Amino acid sequence: MELDCADPTEDELFRAASRLVAQATAAGKTVGTAESCTGGLVAGAITAVPGSSSAIRGGVVSYAIPVKHEVLGVSQEVLDAPGVGAVSSECAAQMCRGARRVLGCDVAVSVTGIAGPGGAEPGKPVGTVWFGVTDGQRVRTELHLFTGDRATVRRKAVACAIALLGDML
């Protein structure tokens with residue numbers, strides 16, 4: 001699946017999610033999500049596709065730090081480490097591993113970042129989004145720095161997350 005994190009329209013997101021559902025179904029694989037700054041939009045985009053129940057197991061909206069830790073198993077060391085924290089490669093990796101474990105899916109994606117308009121930290125401006133994706137064998141993380149308002153950052157993040165799931169399948 002082509003990785004395109006440009007600002008998608010609703011129709012483009014639906015088509016990408018439809019391709020993902022078809023790809024997962026054909027492969028006999030299931031997907032899941034762990035979302036922070038997207039607040040469930042990735043799972044929402046996938047479940048908007050008729051027949052998506054054959055492909056998606058579910059999603060965890062881990063907006064709060066305790067949910068990242070208690071539900072997904074993100075270590076307190078990562079969450080408390082200066083310069084690391086919830087918006088980091090380490091957190092994204094642990095979130096997708098935790099989602100795969102909790103949801104019992106084959107492939108899981110995670111999204112954690114700063115959608116804005118506030119929340120920027122030193123070295124982490126608004127638009128900083130980390131992604132993680134795992135199939136249980138491999139874990140990959142990616143950093144994207146998106147521009148735009150809150151809605152645009154979140155929409156771009158949804159597109160990236162869907163593409164990453166497709167790539168990992």
Side-chain angles (χ1 to χ4, degrees), residues 1-63 68 72 86-89 91-93 95-100 103 105-120 124-136 138-169:
M1 185 174 287
E2 183 178 320
L3 181 61
D4 182 7
C5 300
D7 189 10
T9 66
E10 291 300 315
D11 284 345
E12 288 168 334
L13 276 179
F14 183 79
R15 284 194 299 272
S18 295
R19 287 190 302 272
L20 174 68
V21 168
Q23 181 183 5
T25 302
K29 302 284 185 180
T30 57
V31 300
T33 68
E35 303 180 60
S36 186
C37 65
T38 49
L41 293 174
V42 178
I46 297 167
T47 59
V49 176
S52 59
S53 60
S54 65
I56 187 164
R57 294 274 301 170
V60 175
V61 177
S62 57
Y63 208 73
K68 288 177 181 66
L72 296 175
V87 181
S88 66
S89 173
C91 185
M95 284 174 66
C96 67
R97 283 188 197 109
R100 190 173 174 278
L103 299 170
C105 57
D106 297 302
V107 178
V109 70
S110 62
V111 186
T112 185
I114 304 166
K124 297 177 185 177
V126 168
T128 301
V129 182
W130 276 99
F131 298 86
V133 63
T134 186
D135 63 2
R138 305 166 286 164
V139 176
R140 178 173 144 201
T141 62
E142 281 189 9
L143 170 63
H144 289 262
L145 300 173
F146 296 124
T147 58
D149 63 11
R150 181 178 182 82
T152 302
V153 168
R154 288 164 40 113
R155 206 170 36 252
K156 289 176 179 180
V158 171
C160 276
I162 290 170
L164 286 168
L165 282 168
D167 288 349
M168 187 60 76
L169 283 170

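Values below: all heavy atoms of this structure, side chains included; hydrogens, waters and symmetry mates excluded. Since we're looking at a predicted model, the values are computed, not measured. Starting from 1, each residue takes its place in the sequence as its number.
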- Message: For Val42 versus Ala161, what's the shortest heavy-atom pair and its separation?
- Response: CG2-CB, 3.7 Å
- Closest non-hydrogen atom pair, Cys37 against Thr112: SG-C, 4.2 Å
- Applied to residues 43-55, the side chain to side chain donor-acceptor pair (under 3.5 Å) test, sequence neighbours excluded, yields Thr25-Ser54
- Residues which pass salt bridge (Lys or Arg N to Asp or Glu O under 4.0 Å) with Asp106, listed by chain and number, not counting sequence neighbours: none
Is there side-chain contact between [X] and [Y], with at least one heavy-atom pair below 4.5 Å?
X      : Y      : value
Val107 : Val133 : yes
Phe146 : Cys160 : yes
Asp149 : Pro117 : no
Gln23  : Lys29  : no

- Query: Which residues satisfy the side-chain contact (heavy atoms from CB on, under 4.5 Å) test with Ala45, sequence neighbours excluded?
  - Reply: Val158, Ile162
Got a second to check how far [X]'s [atom1] is from [Y]'s [atom2], nearest 0.5 Å?
X      : Y      : atom1 : atom2 : result
His144 : Thr128 : NE2   : OG1   : 12.0 Å
Arg140 : Thr134 : CZ    : OG1   : 11.5 Å
Leu164 : Phe131 : CG    : CZ    : 6.5 Å

